[in-house]
Amino acid sequence: DITAKAITGSITAANKVYDANASATILSRTLTGVLGADVVSYSGGAASFSDRNVAAGKTVTGTGLSLLGTDAGNYTVNGTALTTADIARAPLSIAANSATRLYGAANPAFSANYSGFQGAETTAALTGTLALATPAVAGSSTGHYVITPSGQSSTNYAISYVGGTLNVTPVPLLVSAQARSKVYGTSDPALTYGVTGLVNNPALGVVDTTATVFSGALSRARGATVLGGPSAVTPGTLVADGPHTMGGLTGNPLAIPPDALAEPPTRQDRRSGTRRTRRHL
């Protein structure tokens with residue numbers, strides 16, 4: 001009898017980046033003990049890591065290996081072979097989403113976008129709680145503030161954080177000239193205005209007044225009055241500081257009672273008993 005000679009097969013495996021599974025790739029297959037010029041090779045099989053998690057020098061097991069070639073029947077070989085390889089961490093990006101709010105308001109609930117999860121994994125694969133912070137508070141002036149994510153980690157992912165932007169926008173203000181009336185021939189009354197839209201949010205520590213918001217002085221002059229028509233209101237130079245935008249000035253009539261436009265009777269009129277009236281157009 002001539003019996004088959006036992007020879008030894010070995011493999012190498014490729015390193016890989018974490019992909020949420022334990023599969024491995026065989027790089028090479030080698031036989032030790034083949035005689036002379038016999039035609040025989042180590043073939044087939046599949047390989048897997050001991051588990052799917054990141055580590056260096058992890059055990060890789062190849063199974064289902066066999067012999068091929070003209071002289072393969074003269075040999076026996078191990079169908080299982082062991083080697084080692086590395087699993088490196090996969091990149092994962094956590095990017096804060098940008099948001100917008102008005103000056104004087106509370107910050108909205110921030111959110112983030114995850115990019116790079118492997119397989120069907122979700123945030124449950126991470127440890128820690130995501131924190132999204134910004135230096136902006138309700139009373140912060142208008143402008144752009146960074147939203148910074150942090151707080152999560154993983155043995156299988158290399159996490160990179162990307163900041164977002166909080167846009168604090170101005171609050172619209174409306175300045176309205178208030179209606180006034182007078183008797184013809186008398187001095188104009190004090191011309192006043194009202195402001196609508198000032199932030200009043202005590203819970204967040206923001207209570208604005210015209211003294212803290214405005215700079216400059218408002219021109220409160222009336223234009224020419226036409227009987228029965230509106231009075232022109234001259235826009236002023238009042239400027240809203242920082243976190244507010246100015247609305248336009250709305251014109252209200254400076255009301256003059258029509259009867260007050262009658263001129264006092266002259267001496268001749270009193271003698272004749274007549275009254276003469278001139279209307280100003």
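Everything numeric in this text was worked out from a predicted model, so none of it was measured.
- Between the side chain of Ser98 and the backbone N or O of Thr165, at least one donor-acceptor pair lies under 3.5 Å.
- Of all the heavy atoms in Pro91 and Val17, the pair that sits closest is CD-CG1, 4.4 Å.
- Between the side chain of Gln152 and the main chain of Ser150, no donor-acceptor pair closer than 3.5 Å is present.
- Distance alone, capped at 3.5 Å, places no donor-acceptor pair between the Asp71 side chain and the Val40 backbone.
- Here the side chain of Asn156 pairs a donor or acceptor atom with the backbone of Val54 at under 3.5 angstrom.
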Inset, instruction - Check step by step if side chain to side chain contact (heavy atoms under 4.5 Å, CB included) holds for Leu126 and Leu92. - result: CA-CA 11 Å; Leu126 307 179; Leu92 177 71; 3.8 Å; yes

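- In this structure, Leu65 and Val77 have side chains that are not in contact, with every pair of non-hydrogen atoms separated by 4.5 Å or more.
- Between the side chains of Thr127 and Ser153, at least one donor N or O sits under 3.5 Å from an acceptor N or O.
- Put simply, CD on Glu121 and OH on Tyr157 are 3.5 Å apart, with the number rounded to the nearest 0.5 Å.
- Taking OG1 of Thr12 as the reference point, atom CG of Leu27 lies at 4.5 Å (rounded to 0.5 Å).
- Side-chain heavy atoms closer than 4.5 Å link hydrophobic residues (I, L, V, M, F, W, Y) into clusters, and following such links, possibly through other members, connects Ile7 to Leu35.
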Inset, instruction - Walk me through it: do His144 and Asn167 pass the test side chain to side chain contact (heavy atoms under 4.5 Å, CB included)? - result: CA-CA 5 Å; His144 308 295; Asn167 301 300; 2.6 Å; yes

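- Between atom CG of residue Leu67 and atom CG of residue Asp38 there is a gap of 11.5 Å, rounded to the nearest 0.5 Å.
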Inset, instruction - Starting from the C-alpha separation in whole Å, work towards a yes-or-no answer on side chain to side chain contact (heavy atoms under 4.5 Å, CB included) for Asn78 and Tyr42. - result: CA-CA 10 Å; Asn78 50 293; Tyr42 204 27; 3.3 Å; yes

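- A pairwise comparison of heavy atoms in Pro135 and Ser140 identifies O-OG, 4.3 Å as the closest pair.
- Proximity of a side-chain donor or acceptor of Tyr75 to a complementary backbone N or O of Gly33 within less than 3.5 Å is not detected.
- The side-chain contact (heavy atoms from CB on, under 4.5 Å) check on Thr123 picks up Tyr114, Phe117, with sequence neighbours excluded.
- Shown here for Ala125 and Ser154, the closest heavy-atom pair between the two residues is O-OG, 4.0 Å.
- The main-chain N or O of Ser23 is found under 3.5 Å from a side-chain atom of Lys16 such that the two form a donor-acceptor pair.
- The backbone N or O of Val168 sits nowhere less than 3.5 Å from a side-chain atom of Thr142 that would complete a donor-acceptor pair.
- Separation of atoms CG (Leu173) and OG1 (Thr196) is listed at 8.5 Å; rounding is to 0.5 Å.
- Separation of atoms OG1 (Thr155) and CG (Asn53) is listed at 6.0 Å; rounding is to 0.5 Å.
- Taken from CZ in Arg101 to CG in Leu166, the straight-line distance is 5.5 Å, to the nearest 0.5 Å.
- The nearest pair of heavy atoms linking Pro149 to Leu132 is CB-CD2, 3.6 Å.
- Across all non-hydrogen atoms, the minimal contact from Val162 to Ser93 is CG2-OG, 3.9 Å.
- For the residue pair Ala85 and Ala14, the shortest heavy atom distance occurs at CB-O, 3.7 Å.
- If you chain together hydrophobic residues whose side chains sit under 4.5 Å apart, Ile87 and Ile26 never meet in one group.
- A donor-acceptor pair under 3.5 Å is absent between the side-chain atoms of Asn15 and the main chain of Ala88, judged by distance alone.
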Inset, instruction - Start with the C-alpha gap between Tyr103 and Asp208, add the side-chain angles, then the distance that decides, and say whether side chain to side chain donor-acceptor pair (under 3.5 Å) holds. - result: CA-CA 11 Å; Tyr103 160 79; Asp208 287 338; 2.9 Å; yes

Inset, instruction - Start with the C-alpha distance between Asp86 and Lys58, add both sets of side-chain angles, then the distance that settles side chain to side chain contact (heavy atoms under 4.5 Å, CB included), and finish with yes or no. - result: CA-CA 6 Å; Asp86 304 338; Lys58 295 179 70 71; over 6 Å; no

